[in-house]
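Values below: every heavy atom of this structure, side chains too, minus hydrogens, waters and symmetry copies.
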Amino acid sequence: MVVGGVNLRAETLVFLSVRLEEEGKIQQALQALSRAGKADPARRNELQPELSRLQAKAQDMLKRQQQAQQQAQQRAEQERISLMQQQQEEAMRQQRLMEQDLMQQQHMEAMRKARQMQQEAQRQQQQQQQHNAPPQDASSAGSSVAQLPNTNNAVPPPPPPPHATP
């Protein structure tokens with residue numbers, strides 16, 4: 001619609017473009033300004049510098065967004081690598097702990113076997129001592145006095161020979 005030689009649609013789109021740019025919506029502002037040039041071909045040359053500026057700004061914003069996205073991806077990759085390293089370190093720590101536990105268990109088992117062998121050796125030594133000891137009867141089991149043989153039924157020894165006197 002044209003009023004007094006002014007295309008109201010084109011003017012509205014130019015105003016909308018300015019407002020969108022202020023809000024940071026550069027791509028939408030560029031589209032609105034481009035439509036304004038199409039709505040009023042007579043102003044197209046007048047709007048061309050503003051279109052070029054908005055295109056450069058849109059490209060700059062796109063470039064910044066891509067850089068930010070790449071940086072975010074790099075940070076995410078670094079965090080992933082760091083997490084993997086932490087997990088690997090934790091796995092190695094757990095493995096060391098398991099190895100230490102295993103060594104401790106082996107040590108405890110070796111100590112237990114050594115005690116068993118020592119006890120078995122002591123038992124065998126006691127059995128050997130009991131086997132080598134002279135048999136004792138029940139009445140003298142607690143006495144440490146040596147027993148003399150019982151001579152009640154024995155024949156007395158012969159008398160000593162007479163001594164000759166000179």
Side-chain angles (χ1 to χ4, degrees), residues 1-2 6-138 140-144:
M1 170 162 43
V2 178
V6 176
N7 186 327
L8 293 180
R9 182 164 191 253
E11 287 301 316
T12 304
L13 288 169
V14 169
F15 175 74
L16 178 62
S17 172
V18 170
R19 195 176 111 237
L20 289 169
E21 184 180 2
E22 288 173 355
E23 293 176 4
K25 300 177 181 177
I26 305 303
Q27 191 66 34
Q28 292 173 344
L30 182 61
Q31 289 172 352
L33 198 57
S34 177
R35 288 195 333 234
K38 290 177 185 175
D40 191 357
R43 286 191 66 193
R44 189 172 293 167
N45 287 340
E46 178 189 332
L47 296 175
Q48 191 58 43
E50 190 65 19
L51 276 169
S52 296
R53 186 184 66 77
L54 283 175
Q55 284 175 337
K57 195 170 184 179
Q59 288 175 350
D60 185 51
M61 285 188 68
L62 180 62
K63 187 177 177 182
R64 287 182 189 179
Q65 286 174 347
Q66 288 173 343
Q67 288 176 342
Q69 192 174 30
Q70 286 176 344
Q71 289 173 349
Q73 287 174 345
Q74 288 173 347
R75 280 193 304 274
E77 181 66 16
Q78 289 173 347
E79 288 174 5
R80 187 184 67 79
I81 289 170
S82 176
L83 180 62
M84 286 176 52
Q85 288 174 340
Q86 289 174 354
Q87 289 173 341
Q88 186 177 19
E89 289 171 1
E90 179 63 19
M92 290 172 62
R93 188 181 73 78
Q94 290 292 333
Q95 184 176 358
R96 281 193 305 272
L97 289 174
M98 289 173 52
E99 289 171 355
Q100 288 174 350
D101 285 348
L102 179 61
M103 288 175 55
Q104 187 176 13
Q105 288 174 356
Q106 289 172 342
H107 176 73
M108 296 299 285
E109 182 64 20
M111 295 296 289
R112 187 186 64 78
K113 286 182 180 179
R115 274 194 307 274
Q116 277 182 332
M117 290 173 66
Q118 184 180 16
Q119 290 172 350
E120 183 61 28
Q122 286 175 348
R123 257 188 255 119
Q124 287 177 356
Q125 186 179 12
Q126 287 173 352
Q127 288 176 351
Q128 186 68 26
Q129 286 174 353
Q130 288 175 354
H131 180 68
N132 290 342
Q136 298 178 349
D137 64 333
S140 64
S143 171
S144 60

Asker: Restricting to side chain to side chain contact (heavy atoms under 4.5 Å, CB included), what partner residues turn up for Arg35, sequence neighbours left out?
Answerer: Leu13

Asker: Determine the minimum heavy-atom distance between Val14 and Ala36, stating which atoms define it.
Answerer: CG2-CB, 3.8 Å

Asker: Going by the rule side chain to side chain contact (heavy atoms under 4.5 Å, CB included), which residues pair with Gln28 if we only count those two or more places apart in sequence or in a different chain?
Answerer: Leu20, Lys25

Asker: Would you please name every residue forming a side chain to side chain contact (heavy atoms under 4.5 Å, CB included) with Met117, sequence neighbours left out?
Answerer: none

Asker: Check residues 94-106 and write down every donor-acceptor pair under 3.5 Å in which the side-chain atom is one partner and the other belongs to a residue at least two apart or another chain.
Answerer:
unit_1, atom_1, unit_2, atom_2, d
Gln94, NE2, Glu90, OE2, 2.9
Gln95, NE2, Glu99, OE2, 3.4

Asker: Please name all residues satisfying salt bridge (Lys or Arg N to Asp or Glu O under 4.0 Å) with Glu21, sequence neighbours left out, ordered by chain then number.
Answerer: Arg53, Lys57

Asker: Using the test side chain to side chain contact (heavy atoms under 4.5 Å, CB included), find all partners of Glu109 that sit at least two apart in sequence or belong to another chain.
Answerer: Arg112, Lys113

Asker: Pairs under 3.5 angstrom only: tabulate donor-acceptor contacts from the side chains of residues 61-71 to other protein residues two or more places apart or in another chain.
Answerer:
unit_1, atom_1, unit_2, atom_2, d
Arg64, NE, Asp60, OD2, 3.2
Arg64, NH2, Asp60, OD2, 3.1

Asker: For Gln78, does its backbone N or O pair with a side-chain atom of Ser82 as donor and acceptor, under 3.5 Å?
Answerer: no

Asker: Do you know which two heavy atoms are closest between Leu30 and Leu54, and how far apart they sit?
Answerer: CD1-CB, 3.7 Å

Asker: With sequence neighbours left out, what residues match Arg123 under side chain to side chain donor-acceptor pair (under 3.5 Å)?
Answerer: Glu120

Asker: Is the shortest distance from a Lys or Arg side-chain nitrogen in Glu23 or Arg19 to a carboxylate oxygen in the other one below 4.0 Å?
Answerer: yes

Asker: Nearest 0.5 angstrom please: Gln74 CD to Ile81 CD1, how far?
Answerer: 10.5 Å

Asker: Apply side chain to side chain donor-acceptor pair (under 3.5 Å) to Gln27 and list each qualifying residue two or more places apart in sequence or on a separate chain.
Answerer: none

Asker: Quick one: which residue pairs count as a salt bridge (charged side-chain N to carboxylate O under 4.0 Å, His left out) with a foot in residues 72-88, not counting sequence neighbours?
Answerer: Glu77-Arg80

Asker: What are the two closest heavy atoms between Asp40 and Ala10, and how far apart are they?
Answerer: CB-CB, 3.5 Å

